[in-house]
2 protein chains.
Amino acid sequence: MPRTTPQHRKVTLADIAQGCDVSRATVSLVLRGSPLVNSATRARVEAELKRQGYVYNRAAANLRRRTSSSIGLVVNDLGNPFFAEFAAGADEALARAGYVTLLGNTGESPERQQAVLTSLVEHGPAGIILSPAEGSDGERVLAAVGMHTPLLVFNRELPDDDGTHRWDTLEMDNEHGARLATEHLLGLGHRRVAFFGGHRDSSSVEQRRRGYLGAMRDAGLAVDPGWLIESAPTRLEAARQTGALFARDPAPTAAVCYNDAVALGLMLGLTRRGRRPGEDFALTGFDDVAEASVCVPPLTTVAVDPRGLGRRSAELILQRLGNPDTDTAYTIAPVRLVVRESSCPPASP
Amino acid sequence: MPRTTPQHRKVTLADIAQGCDVSRATVSLVLRGSPLVNSATRARVEAELKRQGYVYNRAAANLRRRTSSSIGLVVNDLGNPFFAEFAAGADEALARAGYVTLLGNTGESPERQQAVLTSLVEHGPAGIILSPAEGSDGERVLAAVGMHTPLLVFNRELPDDDGTHRWDTLEMDNEHGARLATEHLLGLGHRRVAFFGGHRDSSSVEQRRRGYLGAMRDAGLAVDPGWLIESAPTRLEAARQTGALFARDPAPTAAVCYNDAVALGLMLGLTRRGRRPGEDFALTGFDDVAEASVCVPPLTTVAVDPRGLGRRSAELILQRLGNPDTDTAYTIAPVRLVVRESSCPPASP
DNA sequence: CTGAAAGCGCTTACAG
DNA sequence: CTGAAAGCGCTTACAG
């Protein structure tokens, strides 16, 4: 199995110029589609380009023109379907706009995030889309990104001690999503509704709780403090916390869960205690992960269209490139409720 | 909310050189860690680097040195968790080796694949990892990639009319995986085992069928041609084909499914016909998608460690960069069987 | 140990 | 309409 030995030396503008007896400048103009070039000359050049199998060296062009044709995309965890879909959407929109995506994966570690950002910036992206690792700090991020590269922060709030908004932001409408879920449960007739899971100090938990509390207040219902139950946002921890729901009497008949992972854990916990989720206890999730539609019972949840968010993030950063000096924007993406069997009416007493 | 206006003009080597009264050459040597530089000079330069907030322009360096610090990673569909995990693994290993990942997503379209490859190549990656879109053609791919950029083809065979192996290949051990699944079912006591799903002309179907047939042969069992059932590799089509399993009498008591999607569809089809998968019919999948562990019954399947494959692909392409002239390699990654409830013993008659 | 000079592959005023 | 020349930000022999 012989390997075709690559011919070294790639073909450059100079080779083409020489090959059809024009200057490099003329070849460059042809390449960039300038109307100045005589059509006969253009044809000759284009033929030679094809004949020699020329491939454009965009890095060299970018250096000379002081432009960039890449955007950095840094996510916490590509293995998480939410971020994978987000990346797919962003890449799609960036590619369509002629940019290539420089990928970075932080694995939720602020240290790796610093390393990734530092490395990315050296490659000179026109902008960076960042979904910050948990616990990252705005100052450190900005130190790595520098003042020259526009930054769009997605999904999580990045602590901004400085106070001036030095980056664009894209978040989903956590508050509204939780409100929708809560109103849905109330509409089914529930009166004692808990908010289950998540740590209070997370910005998204705080936003979702706010939506829940608002809906309860608007319905004229008092919230028992014991109905606000914390847990790590994982299936296992949520299952462990199930008991806390039934510490009070009367106990809640329904729960708005922080996210789908928590909701799936709660389902498990309920089942272990002999309760039947979707029959004698109602619950909702947040995210609409793939599993939500196939678990038993299927999970009512708030869908956030991660692919659409990815596209949106690309649009926002590209827009920023065109208007470097306008005020930074804080964009909130809509969410919608997907009703499935897990949100049942209250069991008749 | 005023936006901090970015100071234009980034700081360059020349700024640093001027700032501490040395030549650009010396600054460059410091940057690249040359031992030639006097330690006092080095310290001065490093201080100035920090003071001015210098960021290395890797593109310029790459141009001058005729090197590259990026690798293209082109996958069919980032939204598919398998490829997302693969990308995460590849990116992790590439980042560790000092490369940045140029992402490309083809959405399973050979046309987009050509566009993506053409664009990527202009950014001068040191190599490309490609999971080909279904129906892509080796000649076209190679025309876009060119002879200068090493190519690693992952997951699917790329038709190679030429016959000389012009790219490295990484595949998972489809044959062995299907053999493991088949042997497992035989070990449980099944004698009439079908191979269910997938199109015969797909290379991975062909490989998996070979493993199944080998295990049957080794067990001294004849395979009824009616046990080889084709279907599109989707859940819906698989569900529709369920009837074909029971066209013969006696019917199979178990099926090795082409992949998890097919297996999940078959479960659905069985249930619709009043059969209980995992109780009166045994089946296995392939891939170990997230759903496999949570469906009812949980699915026995062949796990392929996509993240590990991603890392491996990175290692292979980096290895190729170091040895451009050695023969191309055909690497087969191991798989393992994950036993769950869907593979039950045959129902006693 | 340090600097002057040439050059990576492009683009862009500026002449003509 | 086309070419000569300068330059993007680096690196690397080559002198000294």
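The figures that follow rest on heavy atoms only: side chains count, while hydrogens, waters and symmetry mates do not. Order of the sequence lines sets the chain letters (A, B, ...), proteins ahead of strands, with each chain counted from 1. All values derive from a computational prediction rather than experimental measurement.
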What integer distance in Å separates B/Arg44:CZ from C/dG3:C1'? 13 Å

Compute whether any side-chain donor of one residue and acceptor of the other, for B/Thr67 and B/Asn62, lie under 3.5 angstrom apart. yes

Could you check whether B/Thr326 and B/Arg320, counting side-chain N and O atoms only, form a donor-acceptor pair closer than 3.5 Å? yes

Hits for side chain to side chain donor-acceptor pair (under 3.5 Å) against B/Ser136, two or more places apart or cross-chain, chain-then-number order -> B/Gln113

From CG of B/Leu63 across to C1' of D/dG7 the rounded distance in Å is 12 Å

Within the 3.5 Å criterion, strictly below it, is a donor on B/Glu171 or B/Tyr330 matched to an acceptor on the partner's side chain? yes

Figure out the CG/C1' separation between B/Asn62 and C/dG9, and round it to whole Å. 13 Å

Check: A/Gln52/A/Glu48 side-chain N/O donor and acceptor closer than 3.5 Å: yes

If I take atom CZ in residue B/Arg65 and atom P in nucleotide C/dG7, what distance separates them, rounded to the nearest angstrom? 19 Å

State whether the side chain of A/Glu122 and the backbone N or O of B/Val55 hold a donor-acceptor pair below 3.5 Å, judged by distance alone. no

Spacing of A/Asp15 atom CG relative to C/dC8 atom C1', expressed in whole Å: 13 Å

Where along residues 20-34 of chain A does a heavy atom come under 4.0 Å from DNA chain C, residue by residue in number order? A/Arg24, A/Ala25, A/Ser28, A/Arg32

What is the distance, rounded to the nearest whole Å, between atom CD of B/Glu122 and atom P of C/dT11? 11 Å

Test A/Thr26 against A/Ser23 for side chain to side chain donor-acceptor pair (under 3.5 Å), laying out the working first. CA-CA 5 Å; A/Thr26 302; A/Ser23 73; 3.3 Å; yes

Which whole-number value in Å describes the distance from A/Asn38 CG to D/dT2 P? 5 Å

Parallel, tilted or perpendicular, as decided by the 30° and 60° cut-offs, for the rings of B/Phe86 and B/Phe154: parallel

So, is A/Thr41 close to the D/dC1 phosphate, meaning a side-chain N or O under 4.0 Å from OP1 or OP2? no

State, without any angle test, whether B/Asp91 and B/Thr101 hold a side-chain donor-acceptor pair at a distance under 3.5 Å. yes

Listing for DNA chain D: consecutive Watson-Crick or G-U pair runs of at least 3, distance cutoff 3.5 Å, ranges ordered by first number, gives C:1-3 with D:14-16, C:5-12 with D:5-12, C:14-16 with D:1-3

For A/Leu36 and C/dC14, give me the distance from atom CG to atom C1', rounded to whole Å. 13 Å

